[in-house]
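To start, the structure itself, in structure tokens.
Below, read A as the first sequence line, B as the second, and so on, with proteins coming before strands; counting in each chain starts at 1.
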Amino acid sequence: MRKACRRSRERWLEPLKGFDMAYSARTRDRYRAVSSVVTGAVAAACVAGTGAVMGTASAANSQREHDKAVARQRAIDAQPILEELERPAVTVTRIKTVTKPGPGPAVRVIRVGGGKAGTGTRSTKKPSKPPTTSSGS
Amino acid sequence: MTADAPVQVQWRALGTYVQLSVSDAAAVAAAEERARGLLAAIDRTCSRFRPDSDLARVNAGAGTWVRADPLLVAATTAAVEAAGHTDGLVHPLLGRVVVGLGYDRTFTDLQPGRASWTRVDPPPLDAWRAIEYEDEAIKIPAGTALDLGATAKAWAGDLISATIAEEDRTNVIVSLGGDVAVATGGRRPTAWPVRIHDDPEAAADTEVAIEDGGLATSSTRLRRWTVAGVDHHHVVDPRTGAPARTCWRTVSATGPSATAANVASTAAVVLGEDAVGWLAARGVAARLVSIEGRVTTTGGWPAEGDGE
């Protein structure tokens with residue numbers, strides 16, 4: 001397992017190579033935005049003759065991002081490598097879970113109040129399936 | 001066994017009950033094994049009560065980046081999104097608050113009538129915005145602690161149902177302590193009956209059928225404990241740091257997923273009287289039962305009349 005952990009650490013180091021620091025889409029987007037600023041700044045500087053100023057600002061932004069990434073990597077590297085039992089593999093379907101409250105499935109009332117009829121839309125045929133419970137938890 | 005002969009298996013995990021039904025009886029053994037494996041992995045990574053969990057390490061290292069299993073990162077991502085959708089009413093950083101209230105071990109291990117509890121100021125309502133995460137690391141603000149109790153079970157239900165539908169090609173419904181997730185495995189949808197209870201040991205209040213998405217019930221009648229003579233329940237209002245003082249004893253809500261449904265039902269309990277308008281504005285079909293037993297419905301939930 002120690003070997004596996006070392007491999008894992010190497011994976012963490014990789015993003016710093018070549019200054020492409022990001023794993024996640026969120027950070028990548030931020031990096032792309034910085035890149036766009038750099039590109040736009042250079043173009044504007046050529047036209048307006050203020051390249052030196054703009055370029056300096058962009059470089060400062062990039063340097064800040066780089067410094068943050070280095071600091072994050074150092075913090076992670078400072079943690080001890082855990083000697084832990086190998087975790088059993090599980091198959092996980094990668095899903096993008098919808099977390100925003102909103103309209104859900106159509107609700108069909110089968111029974112109300114321990115068999116007492118309700119006033120809402122009710123089915124006349126009860127599905128012959130084992131019922132699932134939804135109680136507070 | 002034949003296809004389209006639904007069967008159900010039940011067991012306990014994550015400190016609550018698990019019910020798993022599949023439309024293809026031949027798939028039940030594989031589905032149960034898959035679900036048990038996922039739940040074990042989620043417990044190992046996301047439990048607040050295991051000192052060896054990734055979540056415990058993240059909490060111990062608050063203020064710094066900490067390595068974490070991608071499962072915890074995914075669960076945290078869902079919790080942060082939930083906070084964003086509710087302006088922090090469903091808050092993932094109440095770990096220190098609930099421990100202060102005495103909920104510092106699994107609910108079944110809580111000792112009745114403990115002598116003292118500590119009032120811990122809740123983090124700011126927008127503190128969740130400072131949570132950062134990458135594929136395999138998380139950083140939470142110093143002085144805070146993650147508690148994914150408000151969203152993790154529903155998120156786990158979504159993950160399990162999607163995985164079973166994808167891998168075993170069967171329709172599936174899973175309930176984790178009342179957070180119900182439905183997925184369709186390339187077949188005609190199944191109308192799954194769901195019984196809604198204030199208490200799983202009591203007779204059902206009502207029974208509905210759903211074919212997809214999710215349904216969740218939040219209740220202040222369960223997971224109650226007493227410390228120093230003060231009665232607590234587990235739905236904490238992040239605005240006060242105390243158990244929500246609410247006019248609802250149970251809120252059931254549907255959504256496009258179990259997570260979305262659970263976010264709605266939990267926020268409704270916290271909001272109290274404002275919940276009906278909040279749910280209606282978002283088109284959420286919900287059933288709210290007041291402390292006195294009066295039923296109110298919103299969205300597409302069929303009305304039942306009062307005083308059932």
Side-chain angles (χ1 to χ4, degrees), chain A residues 5 8-9 11-12 15 22-24 26-27 71-76 78-79 82 84 87-95 97-123 125-137, chain B residues 6 8 16 19 21 37-38 41 64-65 67 78 81-82 85 134-135 137 155 158 162-163 166-167 173 175 177-178 180 191 193-197 200 203 206-213 215 217-219 222 250 254-257 259-260 263-264 282-285 300-305 308:
Chain A
C5 285
S8 175
R9 173 168 287 187
R11 282 179 55 210
W12 273 95
Y23 264 120
S24 77
R26 202 169 53 130
T27 315
R72 181 173 65 225
Q73 190 61 49
R74 282 185 182 144
I76 291 167
Q79 295 166 29
L82 298 173
E84 58 185 349
R87 292 177 166 180
V90 291
T91 302
V92 180
T93 295
R94 289 199 176 264
I95 56 165
T97 310
V98 178
T99 55
K100 186 176 184 178
V107 179
R108 189 160 52 88
V109 175
I110 298 169
R111 187 172 57 82
V112 175
K116 187 172 135 189
T119 56
T121 306
R122 296 196 302 126
S123 165
K125 185 181 174 187
K126 183 176 176 179
S128 56
K129 303 174 189 71
T132 298
T133 302
S134 182
S135 62
S137 61
Chain B
Q8 185 181 81
T16 190
Q19 295 173 326
S21 298
L38 281 167
T64 63
W65 281 94
R67 274 180 216 279
E81 289 180 9
H85 296 314
E134 299 292 348
D135 280 4
W155 173 81
D158 287 327
T163 302
E166 175 71 22
E167 300 292 330
I173 183 169
S175 175
V180 178
V194 180
R195 289 181 179 166
I196 296 170
H197 301 249
T206 189
E207 186 170 329
V208 300
I210 57 171
E211 294 186 351
D212 58 13
L215 190 159
T217 298
S218 293
S219 173
L222 296 175
T250 304
T254 62
S257 68
T259 306
V263 169
R282 288 159 179 76
V284 176
W301 197 293
E304 296 173 13
E308 62 176 298

Between Pro103(A), Ala71(A), Ala106(A), which has the largest tally of heavy atom pairs under 4.5 Å with chain B?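 Heavy-atom pair counts peak at Pro103(A).
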
Which one, Ala82(B), Ala285(B), Gly300(B), Ser175(B), leads in non-hydrogen pairs under 4.5 Å with chain A?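 Of the candidates given, the most pairs with chain A belong to Ser175(B).
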
Quick one: of Gly255(B), Gly213(B), Ala264(B), Gly37(B), who has the most non-hydrogen atom pairs under 4.5 Å with chain A?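 Winner by heavy-atom pair count: Gly255(B).
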
Does Pro193(B) reach the side chain of Lys129(A), with side-chain heavy atoms less than 4.5 Å apart?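 The answer is yes, as the side chains (C-beta and beyond) meet within the 4.5 Å cut-off.
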
Are the side chains of Lys100(A) and Glu81(B) in contact, using a 4.5 Å heavy-atom criterion?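 A side-chain contact under 4.5 Å is absent here.
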
Given a strict heavy-atom distance threshold of 4.5 Å, which part of Val194(B) is in contact with chain A: side chain, backbone, both, or neither?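 Backbone plus side chain of Val194(B), per the 4.5 Å heavy-atom cut-off to chain A.
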
Under 4.5 Å from any heavy atom of chain A - which part of Gln19(B):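 Contact with chain A: side chain only.
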
Taking all atoms of both residues into account, what is the closest heavy-atom pair of [X] and [Y], and its distance?
| X | Y | answer |
| --- | --- | --- |
| Thr132(A) | Ser21(B) | OG1-OG, 4.2 Å |
| Leu215(B) | Ser134(A) | CD2-OG, 3.4 Å |
| Thr254(B) | Pro105(A) | CB-CD, 3.9 Å |
| Thr99(A) | Ala78(B) | CG2-O, 3.9 Å |

